[in-house]
Novice: 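Before I ask anything, let me first share the structure, which is written out below as structure tokens.
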Amino acid sequence: MSFDPAAHGHQFFPGTASVGVLVLHGFTSTTASVIEWARAIHQADDAAGRHPSVSVPLLPGHGTTWEDLAKEKWHAWRDAVDEEYWTLRARHEHVVVCGLSMGGALAVQLAARYPVAGLLKVNPALALTSRTAAYSHLVKHVVPSVAGIGSDINRPSVAETTYDRTPVAAVAQLNILIRQAIKTLPAVTAPAIVFRSTTDRIVADASVDLIRERSAGPVEVIALPNSFHVATMDYDQGLVETASRQAVQNLMRGFGLTVETGRAAASA
């Protein structure tokens, strides 16, 4: 499978507001799965009409071949996110971190180590539904890859661009990332909004439970009743985009990371 860099590579929307936003895609996917989410957030504005910069990096091992992903270690994803964070911090006073699935786990890792103004997470991967994934560190030696896990989407006309094979070695690295993210949750003090699909065949409900129970900062959960895992491309896409844009706009206007309608009306 070939990937068009213009559609699936690093994307950047410049802005001059005090807030920069980092948007992270999921495991085996590309920036195309979160690009409309990023565009919507970029439409937020502060009281002076300024928009946030929004950076959407392509994580190492993605957008090429599954064999490339099989060679990556979990800290390569972490380091790439760190680099994008500091690039935004050089231009903006505050940074909001957004992540889908694995991107949500990376957002947790980042927020535990560096100052962030808030987190927006869509079906963050801190617990997987697959019971065999836990044995990937053993299976990788005899089974290089398994069937792809992309396009867990309720809308029949929409497909996520992902690898058609999932490298088992990379699943083992994902498990390490997940363990590291869970371990650091008590250090996350920033407010978080978690969008959670009612049906998700990739990430288990325990992910949200862990975030609620162990995060030091406030956590708001917004239900997505009509979507599966890749909710940024599913029936509740509009809800995710509208709420995220409003939350970032409220933050930039001094109301905090919230989607409360009363505050939204007051800031309009």
Side-chain angles (χ1 to χ4, degrees), residues 21-29 34 57 59-62 69-86 88-89 94-140 149 166-197 200-222 229 257:
V21 182
L22 182 57
V23 180
L24 307 172
H25 66 78
F27 185 63
T28 75
S29 189
V34 293
L59 298 173
H62 293 78
L69 182 56
K71 302 171 187 175
E72 297 292 345
K73 303 300 183 183
W74 75 273
H75 49 77
W77 306 325
R78 178 202 61 194
D79 293 348
V81 172
D82 284 2
E83 182 177 352
E84 290 299 321
Y85 168 83
W86 287 113
L88 284 172
R89 277 298 302 272
H94 306 289
V95 174
V96 172
V97 189
C98 310
L100 165 65
S101 193
M102 181 180 80
L106 287 165
V108 168
Q109 257 273 308
L110 182 72
R113 293 177 295 115
Y114 303 124
V116 302
L119 300 101
L120 299 170
K121 295 172 281 190
V122 177
N123 296 319
L126 295 188
L128 305 177
T129 58
S130 171
R131 295 182 178 180
T132 58
Y135 303 100
S136 55
H137 63 295
L138 301 174
V139 178
K140 68 179 182 179
I149 60 171
T166 299
V168 178
V171 176
Q173 294 300 310
L174 174 61
N175 283 331
I176 298 175
L177 168 62
I178 289 172
R179 290 196 295 270
Q180 292 294 323
I182 293 172
K183 187 185 302 182
T184 60
L185 274 172
V188 178
T189 59
I193 296 174
V194 180
F195 299 92
R196 180 57 181 154
S197 296
D200 188 333
R201 292 173 288 193
I202 306 298
V203 167
D205 288 338
S207 289
V208 176
D209 296 336
L210 286 164
I211 292 170
R212 277 174 160 165
E213 294 167 4
R214 302 191 186 184
S215 295
V219 177
E220 178 181 359
V221 178
I222 297 177
H229 182 64
L257 191 79

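In this chain, residues are counted from 1 in sequence order.
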Novice: Quick check: do Asp209 and Leu126 have side-chain heavy atoms less than 4.5 Å from each other?
Specialist: no

Novice: Run the numbers on Val81 and Leu59 for side-chain contact (heavy atoms from CB on, under 4.5 Å), then give the verdict.
Specialist: CA-CA 8 Å; Val81 172; Leu59 298 173; 3.9 Å; yes

Novice: CG/Leu119 to CD1/Ile193 distance, rounded to the nearest 0.5 angstrom?
Specialist: 10.0 Å

Novice: Compare every heavy atom of Ala117 with every heavy atom of His94, then report the nearest pair and how far apart it is.
Specialist: CB-CB, 3.9 Å

Novice: Find out whether Asn123 and Arg196 are in side-chain contact, i.e. whether some heavy atom of one side chain is under 4.5 Å from a heavy atom of the other.
Specialist: yes

Novice: Would you mind reporting whether His25 and Leu100 have side-chain heavy atoms less than 4.5 Å apart?
Specialist: no

Novice: Sequence neighbours excluded and cut-off under 3.5 Å, please list the side-chain donor-acceptor pairs for residues 177-192, or say none.
Specialist:
| from | atom 1 | to | atom 2 | distance (Å) |
| --- | --- | --- | --- | --- |
| Thr184 | OG1 | Gln180 | O | 3.2 |
| Thr184 | OG1 | Ala181 | O | 2.9 |

Novice: In Å, rounded to the nearest 0.5 Å, how long is the span from CZ of Phe27 to CG of Leu106?
Specialist: 11.5 Å

Novice: Within the structure provided, determine whether Met102 and Trp77 are in side-chain contact (heavy-atom separation under 4.5 Å).
Specialist: yes

Novice: Can you tell me how far CD of Glu220 sits from CZ of Arg212, rounded to the nearest 0.5 angstrom?
Specialist: 10.5 Å

Novice: I need the Ile211 CD1 to Arg214 CZ distance, nearest 0.5 Å.
Specialist: 11.0 Å

Novice: If you look only at pairs with a residue in residues 113-129, which of them pass as a salt bridge (charged side-chain N to carboxylate O under 4.0 Å, His left out), with sequence neighbours excluded?
Specialist: Asp82-Arg113

Novice: Testing Leu128, Val171, Thr28 for side chain to side chain contact (heavy atoms under 4.5 Å, CB included) with Ile149, which one passes?
Specialist: Thr28

Novice: As an exercise, state the distance from CD1 of Ile222 to OG of Ser197, rounded to the nearest 0.5 Å.
Specialist: 12.0 Å

Novice: Give the C-alpha distance, both sets of side-chain angles, the deciding distance and a yes or no for side-chain contact (heavy atoms from CB on, under 4.5 Å) between Leu110 and Leu22.
Specialist: CA-CA 11 Å; Leu110 182 72; Leu22 182 57; 4.1 Å; yes

Novice: Hey, is the main chain of Pro115 close enough, under 3.5 Å, to the side chain of Tyr85 for a donor-acceptor pair?
Specialist: yes

Novice: Any donor-acceptor pair under 3.5 Å linking the side chain of Ser101 with the backbone of Pro124?
Specialist: no

Novice: Using every non-hydrogen atom in the two residues, find where Leu24 and Pro57 come nearest and quote the distance to one decimal.
Specialist: CD2-CG, 3.8 Å

Novice: Arg89: which residues meet the salt bridge (charged side-chain N to carboxylate O under 4.0 Å, His left out) condition with it, sequence neighbours left out?
Specialist: none

Novice: Ignoring hydrogens and geometry, is there a side-chain-to-backbone donor-acceptor pair from Ser207 to Ala125 under 3.5 Å?
Specialist: no

